[in-house]
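Only one structure is covered here, and it is reproduced in the block below.
This one's a predicted model, so the numbers in the text were calculated from it and none came from an experiment.
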Amino acid sequence: MKVYAFIGPTKTASTHVKKFLSSHTDYLHGQNWTWPRSPYSGNHPAQTFDFKDLSELLLYPEEWSAYNIRKGHAKMSVEERYEWYRQEFRRVRSSSSSFSQNMIFGHENFMTISTAALTQHNSSAIPKLVSLMPWNTSAPLPSDSFAVIANYRKPRASHLESLYKQQVSSKRKHETQPFSEWLCSSFITRPYLLERLDSPGHAEVWLREGANAVLIDMEAAFSGGRDVIDVLLCDVLRVACGETLEPLNVPRKEVTYHAHVHSKSSGADKDILEKIEILLRRRDCYHSAYLLNAMEEGRFHIYPNSSYFNECKTLEGITHEEMNLQISSIPELDCFMVNANNGTQKSVEHETPLSNETAYIPLRNYGTNKSDEFETPSIAEKSLMSHKMNTSNVNETQKAVEVLKPPTVEASLLSYETNASYYLGFALILLLVAFRKKIRLWL
């Protein structure tokens, strides 16, 4: 029996995937795949968004329990809910006398499990999920029995734009926050926001925890005239497909229909997006060595034919901190002035944040042997660094792609007097900005 968990991430046609799987359960069953039930669906297959419940249960069991009690939904304890899923997954396995029925489930909120591992060193949810699987514990676990599927969206900057449009400029929220203001403020209020887009990083986390992983390169799929559903069904699930690598006995319009799309422009400058594109791809390449090794072991696959590994031969990988610093230092974004004008305290409340998301702690260095023992620059240091780079005479394009080395422990341990001077200088800048009109009149 094979089990696949679809983990998104957000803004990668994840709703399109879930809607297709949850609305074609009879077709899937005929191909030896089951989309299971949920605690909310009775005797019917789970609805499109039902498995968000499982992701939250795994990652934040205490918060899950408190929320359900507050909403009056608490008919089960945390352990009872775990047992419910365990029994449901066993039911799927036993539905075939030869145990050949496979299972797929998921929700883009499962990306928060790997995001927590990347940002908070918390990977406890992954073994919890594996413990729910219907394996015969007396027999060895088959090497390909459990895997996660993540969509990999390119161009990378378009993924970021789509996230912006969802969070800020959707009609439901009636927001008009400019792209540059949204992005610059996120480096202070939500510094791990861009880590959600890191599909190769999500894959690496699950691989390190013992699962297999699959990436679907959306750009490669579309350039070949295929939909992400085509790749999922034909390349990953291996259902019956024709010579054109399209699933048989499925109406084409049901495969290609995308209803959940934000078409409004982000308004972002083209030059800014080009520089961000390079930096996001370099972040992707940070994981390439580990993923290539996993591919050689047969534990990682990327479909269809992808240029990912070839691109990473010429792009040097960078850490999440390095990426954030370099994006915030792009002169055209002017993050220093944006955050100064907002008092560096502008909150982003467009969606529920991850637990402890605003606590800026060093990331685990997945993909390299670099030491974790370095401190992240303070907000004041990052702002001053950004201002210094913005006013230098270095070529702007070179600044966008320059590698910033992580600070050593010794370099990061500033004296009390130095820290005080940084904060004093930053406070003076804020005062000058706040009273610039009065100062101009006085002069």
Side-chain angles (χ1 to χ4, degrees), residues 1-10 12 14 17-18 21 33-36 51-52 54-59 82 85-86 88-90 92-93 99 101-137 139-152 195-196 198-217 231-232 235-238 284 286-303 306 308 364-367:
M1 178 185 187
K2 292 183 179 180
V3 176
Y4 281 120
F6 175 69
I7 64 172
T10 185
T12 61
S14 55
V17 171
K18 291 180 307 187
L21 294 174
W33 286 94
T34 294
W35 176 264
F51 287 113
K52 182 179 181 181
L54 177 56
S55 65
E56 293 176 339
L57 174 69
L58 291 164
L59 192 57
Y82 280 142
Y85 281 109
R86 187 178 290 110
E88 170 61 12
F89 296 159
R90 288 177 179 173
V92 173
R93 184 171 189 264
F99 301 112
Q101 191 70 12
N102 304 306
M103 181 171 68
I104 182 169
F105 64 94
H107 188 281
E108 64 269 23
N109 204 55
F110 277 86
M111 73 177 179
T112 61
I113 292 176
S114 37
T115 301
L118 283 165
T119 61
Q120 301 170 32
H121 298 203
N122 176 13
S123 59
S124 61
I126 297 177
K128 285 181 185 177
L129 176 59
V130 174
S131 73
L132 302 179
M133 295 299 107
W135 317 127
N136 180 359
T137 56
L141 183 65
S143 60
D144 61 347
S145 56
F146 178 72
V148 296
I149 304 170
N151 289 338
Y152 179 37
E195 203 73 343
R196 297 185 178 191
D198 187 8
S199 295
H202 290 300
E204 183 176 342
V205 167
W206 289 84
L207 285 163
R208 285 185 178 272
E209 296 300 326
N212 289 355
V214 174
L215 286 186
I216 296 178
D217 188 323
V231 179
L232 173 63
D235 299 25
V236 183
L237 303 188
R238 303 297 177 94
D284 293 342
Y286 185 78
H287 310 284
S288 62
Y290 185 91
L291 295 181
L292 181 59
N293 184 65
M295 177 176 282
E296 292 172 349
E297 294 175 348
R299 300 180 53 232
F300 172 72
H301 300 279
I302 183 167
Y303 299 107
S306 175
Y308 169 70
R364 179 183 298 178
N365 282 325
Y366 283 114

Original post:
What do the steps show when you test I302 against V214 for side-chain contact (heavy atoms from CB on, under 4.5 Å), and what is the final call?
Top reply: CA-CA 6 Å; I302 183 167; V214 174; over 6 Å; no
**OP:** I would like to know whether L207 and L291 meet side-chain contact (heavy atoms from CB on, under 4.5 Å); could you show each step before the answer?
**Re:** CA-CA 9 Å; L207 285 163; L291 295 181; 3.6 Å; yes
Subject >> K52 vs F110, side-chain contact (heavy atoms from CB on, under 4.5 Å): CA-CA, chis, key distance, verdict >> reply: CA-CA 7 Å; K52 182 179 181 181; F110 277 86; over 6 Å; no
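Counting heavy atoms from C-beta on, the side chains of W206 and L129 come closer than 4.5 Å. Contact check for P134 versus R86: no side-chain heavy atoms found under the 4.5 Å cut-off. Looking only at side-chain heavy atoms (C-beta outward), S145 and K2 stay at 4.5 Å or farther from each other. The closest side-chain heavy-atom distance from L237 to N102 is not below 4.5 Å. The shortest side-chain heavy-atom distance between F105 and V3 falls under the 4.5 Å cut-off. Two residues are said to be in side-chain contact when any heavy atoms from C-beta on lie closer than 4.5 Å; L57 and Y85 meet this criterion. Using a 4.5 Å heavy-atom cutoff, the side chains of M133 and F146 are in contact. Proximity of I7 to I149: side-chain heavy atoms (C-beta onward) are nowhere separated by under 4.5 Å.
Of all the heavy atoms in S199 and L215, the pair that sits closest is O-CD2, 3.8 Å. Minimum interatomic distance between V236 and Y303 (heavy atoms only, all atoms of both residues): CG2-CD1, 3.8 Å. In plain terms, the two heavy atoms of Y290 and E204 that are nearest each other are CD2-CG, 3.5 Å. Nearest approach of T10 to S14, heavy atoms of both residues: CA-OG, 4.4 Å.
The backbone N or O of R196 sits less than 3.5 Å from a side-chain atom of H202, completing a donor-acceptor pair. The closest donor-acceptor contact from the side chain of R299 to the backbone of A213 lies at 3.5 Å or more, if one exists at all.
Across N151, T12, I216, a single residue satisfies side chain to side chain contact (heavy atoms under 4.5 Å, CB included) together with V17, and that is N151.
Atom CZ of F51 is separated from atom CG of L21 by 10.5 Å, given to the nearest 0.5 angstrom. With values rounded to the nearest 0.5 angstrom, D198 atom CG is found 6.0 Å from D284 atom CG. For the atom pair CE of M103 and CH2 of W33, the computed distance is 9.5 Å after rounding to the nearest 0.5 Å. Atom CG of L292 and atom CD of E297 lie 10.0 Å apart (nearest 0.5 Å). Rounding to the nearest 0.5 Å places OH of Y82 at 8.5 Å from CG of L54. Residue S123 holds its OG atom at 11.0 Å from NZ of K128, rounded to the nearest 0.5 Å.
No donor-acceptor contact under 3.5 angstrom links the side chains of N212 and H301, judged on distance only. No side-chain donor-acceptor contact under 3.5 Å links T119 and E195.
Ring planes of Y152 and Y308: perpendicular class, angle over 60° (limits at 30 and 60°).
Every residue two or more places apart in sequence or in another chain that forms a side chain to side chain donor-acceptor pair (under 3.5 Å) with S124 is listed here: N122. In terms of the side chain to side chain donor-acceptor pair (under 3.5 Å) criterion, residue partners of E88 (sequence neighbours excluded) are, by chain and number, R37, R91.
The residues E108 and K18 are annotated as salt-bridged, a charged nitrogen and a carboxylate oxygen being separated by less than 4.0 angstrom.
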